[in-house]
Amino acid sequence: MKIGVISAYSESESRVALTPDAVKKLSKLGFEVVIQSGAGQAAYYADEMYQAAGADIASSSTEVVTQSQIITTVNDLPTEAINGLSSGQIVIGMLDPYRNTQLDTYAAKGATAFAMELLPRTLSRAQNMDVLSSQANLAGYKAVLLAANEYSRPFPMFMTSAGTVKPAKVVILGVGVAGLQAIATAKRLGAVVEASDLRPTAREQVESLGGKWLDVPMSAEEAETAKSTGGYAWTPSEQYIKDQAAVVDKALSNADIVITTAQIPGRNAPRLVHQSTLAKMKAGSVLIDMAAGTGGNVEGSVPDETIMTANGVRIVGAANIPSQLAAQSSDLYANNLVNFITTLIAPATTDDASANTLALNIDMEDEIQGALAVTHENQVRLAKC
């Protein structure tokens, strides 16, 4: 049984779905692996490294699709690859399911497509398959380095004979995995860090990393509601949203660096920074919009471009930061995929004559497989977000 690896077809994507180490792990499980020539080159994994790990090299994506029962990818497959699928094949990747316009084609071809972004993150057995966390961790780290590169002053405080250099003031908006890593990285670089999130329960995490929580007053009733839901299912009042905007606006007016991380599956990213706030920011300040690829948290941000406002504020549209750390992000992503693929293997039975033959067990009743499958048995099974 072969697992195929398709090369990324976007110039902005340098990651690869499986690394040579992942090939070795899959080989031990009984799989064979075929990889499109050059698929790992941008992540510094040459074809020779895959061959040494036991993989076959194919000259095209068509050849990979033809040979493989399971096809792995970073992002959605190109149209020509999907058109080459046949019934029963499996596709695994970050398929951006709520925006994906090709799911009907996957279903029509009879392919089972698993979108790794849909992993139920509350399941303990799913933690080592969590692609969003593995990629966001690296993205939060790199976002701070991107900001440091754009910023015209140092991050830490310096005491020099010519005077004291004040530390940079960094504001993080959105305290998920990426935001927490950004806080930790900015603190390590010596910055003064403040952070905000719609979830009041994130305060403890921010303060544990040495950041200052941008506190927004709320009623006792609203505080209890937010606490009881963990913040995720909490719908804040109009007054709370207004009060939070005022607190954030003041913090950003004094900030040197702002990093925004907020994204919502299946929807455009929430707008956190408006033109009215940008106009108050200091010349030379920098905003890193990590949600630029899904609509942008910052008004005016453009994916993969850096623009300068009239008052001298740089807005960096960081649409795909993990790709800038392609070697490490590919390694973590590949481990996530290997861990998921192991859930697809049917358990061997000693009284079965074919016990030594690798077999798959696609089970839509399984809490992980069922959650990730967006097409199966000629049907699109993605629930509305």
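At least one side-chain heavy atom of R99 sits under 4.5 Å from a side-chain heavy atom of T294. Between L189 and V170, every side-chain heavy-atom pair lies at or beyond the 4.5 Å cut-off. The side-chain heavy atoms of L18 and I35, taken from C-beta on, include no pair separated by under 4.5 Å. Using a 4.5 Å heavy-atom cutoff, the side chains of S10 and N75 are not in contact. S285 is not listed as a side-chain neighbour of V258, based on a closest heavy-atom distance of 4.5 Å or more. A 4.5 Å side-chain heavy-atom check between T73 and L95 finds at least one atom pair inside the cut-off. The closest side-chain heavy-atom distance from F31 to I341 is below 4.5 Å. Inter-residue side-chain proximity for L332 and Q328 is flagged as met; some heavy-atom pair is nearer than 4.5 Å.
Open room surrounds CD on E204; 12 or fewer heavy atoms of other groups in view lie less than 6.0 Å from it. Within a 6.0 Å radius of CZ in F340, other residues, nucleotides and ligands contribute more than 12 heavy atoms. Counted within 6.0 Å of CE on M159, heavy atoms from surrounding residues, nucleotides or ligands total 12 or fewer; the atom is thus considered open. Crowding of K169 atom NZ: a count of heavy atoms from other residues, nucleotides or ligands under 6.0 Å not exceeding 12.
A donor-acceptor contact closer than 3.5 angstrom is absent between the side chains of D21 and T19. For the residue pair K2 / Q67, a side-chain donor-acceptor distance below 3.5 Å is found, with atom types taken as modelled. Judged purely by distance below 3.5 Å, without hydrogens or angles, the side chains of E80 and S61 never pair a donor atom with an acceptor atom. With 3.5 Å as the limit, one finds no donor-acceptor pair spanning the side chains of D331 and Y45. S12 and N320 are not linked by any side-chain donor-acceptor pair at a separation below 3.5 angstrom, with hydrogens and angles left out of the test.
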Show your reasoning for whether side chain to side chain contact (heavy atoms under 4.5 Å, CB included) applies to D249 and S253. CA-CA 6 Å; D249 183 81; S253 298; 4.1 Å; yes
Side chain to side chain contact (heavy atoms under 4.5 Å, CB included), that's the test. Do V5 and Q36 meet it? Break it down for me. CA-CA 6 Å; V5 183; Q36 184 178 346; over 6 Å; no
Using the rule given for side chain to side chain contact (heavy atoms under 4.5 Å, CB included), can you reason through D96 versus D76, listing the C-alpha separation, both sets of side-chain angles and the distance that settles it, and then say yes or no? CA-CA 7 Å; D96 194 9; D76 193 24; over 6 Å; no
Verdict with supporting geometry, L146 and N149, side chain to side chain contact (heavy atoms under 4.5 Å, CB included): CA-CA 5 Å; L146 293 176; N149 190 55; 5.7 Å; no
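Under the 4.5 Å side-chain contact rule for hydrophobic residues, W213 and L180 share a cluster. When hydrophobic clusters are built by joining Ile, Leu, Val, Met, Phe, Trp and Tyr residues whose side-chain heavy atoms come closer than 4.5 Å, directly or via intermediates, L272 is not grouped with I183. Hydrophobic clustering keeps L287 apart from Y141 (ILVMFWY residues linked when any side-chain heavy atoms are closer than 4.5 Å, directly or through intermediates). No single ILVMFWY cluster, assembled from side-chain heavy atoms under 4.5 Å apart, contains both M94 and M290. Placement of I257 and V273 in two distinct hydrophobic clusters is found when ILVMFWY residues are connected by side-chain heavy-atom separations under 4.5 Å, directly or transitively.
Shown are L118, L372, V380; of these, the side-chain contact (heavy atoms from CB on, under 4.5 Å) with P97 is made only by L118. Partner D256 forms a salt bridge (charged side-chain N to carboxylate O under 4.0 Å, His left out) with one of K282, K166, R314, R153 and no other, that one being K282.
Heavy atoms only, all atoms of each residue included: A327 and Y44 are closest at CB-CD1, 4.4 Å. What you find for A262 and A269 is that their closest heavy atoms are O-CB, 3.6 Å. A pairwise comparison of heavy atoms in G4 and V64 identifies CA-CG1, 3.6 Å as the closest pair. The shortest non-hydrogen separation linking T261 to G174 is OG1-O, 2.9 Å. Closest heavy-atom contact between A291 and N297: CB-OD1, 3.4 Å. Residues I315 and E299 come closest through the heavy atom pair CD1-O, 4.1 Å.
Using a distance-only test at 3.5 Å, with no hydrogens or angles considered, a donor-acceptor pair links the side chain of T309 to the main chain of V313. Although no hydrogens or angles enter the test, the distance criterion places no donor-acceptor pair under 3.5 Å between the side chain of Q181 and the main chain of L138. Side-chain N or O atoms of D289 include none that pairs as donor or acceptor with a backbone N or O of G296 at under 3.5 Å. Within the 3.5 Å criterion, the main-chain N or O of A42 finds no donor-acceptor partner in the side chain of S14. Side-chain atoms of D197 come within 3.5 Å of backbone N or O of V175 as a donor-acceptor pair. With T375 contributing its side chain and A111 its backbone, the two residues share a donor-acceptor pair below 3.5 Å. Under the 3.5 Å distance criterion, the side-chain polar atoms of N378 are matched with a main-chain donor or acceptor of A107. Panel note: side chain R15, backbone A8; no donor-acceptor pair is recorded below 3.5 Å. A donor-acceptor distance shorter than 3.5 angstrom exists from the side chain of D47 to the backbone of G38, with no hydrogens or angles considered. In this structure, the side chain of N311 engages the main chain of L278 through a donor-acceptor pair within 3.5 Å.
Taking CG of L145 as the reference point, atom CD of E150 lies at 12.0 Å (rounded to 0.5 Å). Taken to the nearest 0.5 Å, the OG1 atom of T342 stands 7.0 Å off from the CG atom of N128. Considering CG of L337 and CE of M116, their distance stands at 5.5 Å, rounded to 0.5 Å. Annotation: the span from S68 atom OG to I6 atom CD1 amounts to 7.0 Å, rounded to 0.5 Å. Considering CZ of F114 and OG1 of T72, their distance stands at 13.5 Å, rounded to 0.5 Å. Here CG of N339 is found 7.0 Å from NZ of K25. Values are rounded to the nearest 0.5 Å.
Ion pairing between a basic and an acidic side chain is recognised when a charged N comes within 4.0 Å of a carboxylate O; R125 and D366 show such pairing.
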